[in-house]
Amino acid sequence: FPTRRSSDLLDRLERDLRGRGADVRREPGALPRLVASLDDLTLTASAAATGAVLLAVESEPLHVGEERAAELVRGAR
């Protein structure tokens, strides 16, 4: 079971996302999990028994030029 702290974080995240107009739902499963959609973004958050919270954000591809792509790759290193 997740810790109280990680569950509280998911609750706060849910309130904040709803306040920003996101469609938020809780998903059943062994770990508490929420999925939020806003515009073309989808955020998934899960709380683990260790207290860790895993966040994943997905969106449609963003097309950038060759120069900007090189800048983004250099910045990630």
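- The nearest pair of heavy atoms linking Leu10 to Ala45 is CD2-CB, 3.5 Å.
- Not a single donor-acceptor pair under 3.5 Å links the side chain of Arg33 to the backbone N or O of Arg26.
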| request: Would you check, one step at a time, whether the test side chain to side chain contact (heavy atoms under 4.5 Å, CB included) holds for Leu13 with Leu43? | output: CA-CA 10 Å; Leu13 181 59; Leu43 178 136; 4.0 Å; yes

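- Contact check on Asp8 versus Arg12 returns no salt bridge, with no Lys/Arg side-chain nitrogen under 4.0 Å from an Asp/Glu carboxylate oxygen.
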| field | Pair Leu54-Leu31, side chain to side chain contact (heavy atoms under 4.5 Å, CB included): steps then yes or no | value | CA-CA 11 Å; Leu54 174 66; Leu31 298 175; over 6 Å; no

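- Considering every non-hydrogen atom in both Leu41 and Ser59, the closest pair reads CD2-CB, 3.2 Å.
- Both Leu9 and Val57 belong to a single network of hydrophobic side chains, linked directly or stepwise wherever heavy atoms of I, L, V, M, F, W or Y lie under 4.5 Å apart.
- Shortest non-hydrogen contact noted between Val35 and Thr42 is CG1-CG2, 3.9 Å.
- Between Ala36 and Leu17, the shortest heavy-atom distance links the atoms CB-CD1, 3.6 Å.
- Ion pairing between a basic and an acidic side chain is recognised when a charged N comes within 4.0 Å of a carboxylate O; Arg68 and Glu71 show such pairing.
- Between Arg25 atom CZ and Ser37 atom OG the span is 6.0 Å, to the nearest 0.5 Å.
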| Do Arg18 and Arg20 pass the side chain to side chain contact (heavy atoms under 4.5 Å, CB included) test, and can you show the C-alpha distance, the side-chain angles, and the key distance before you say yes or no? | CA-CA 5 Å; Arg18 286 187 192 280; Arg20 295 173 186 272; over 6 Å; no

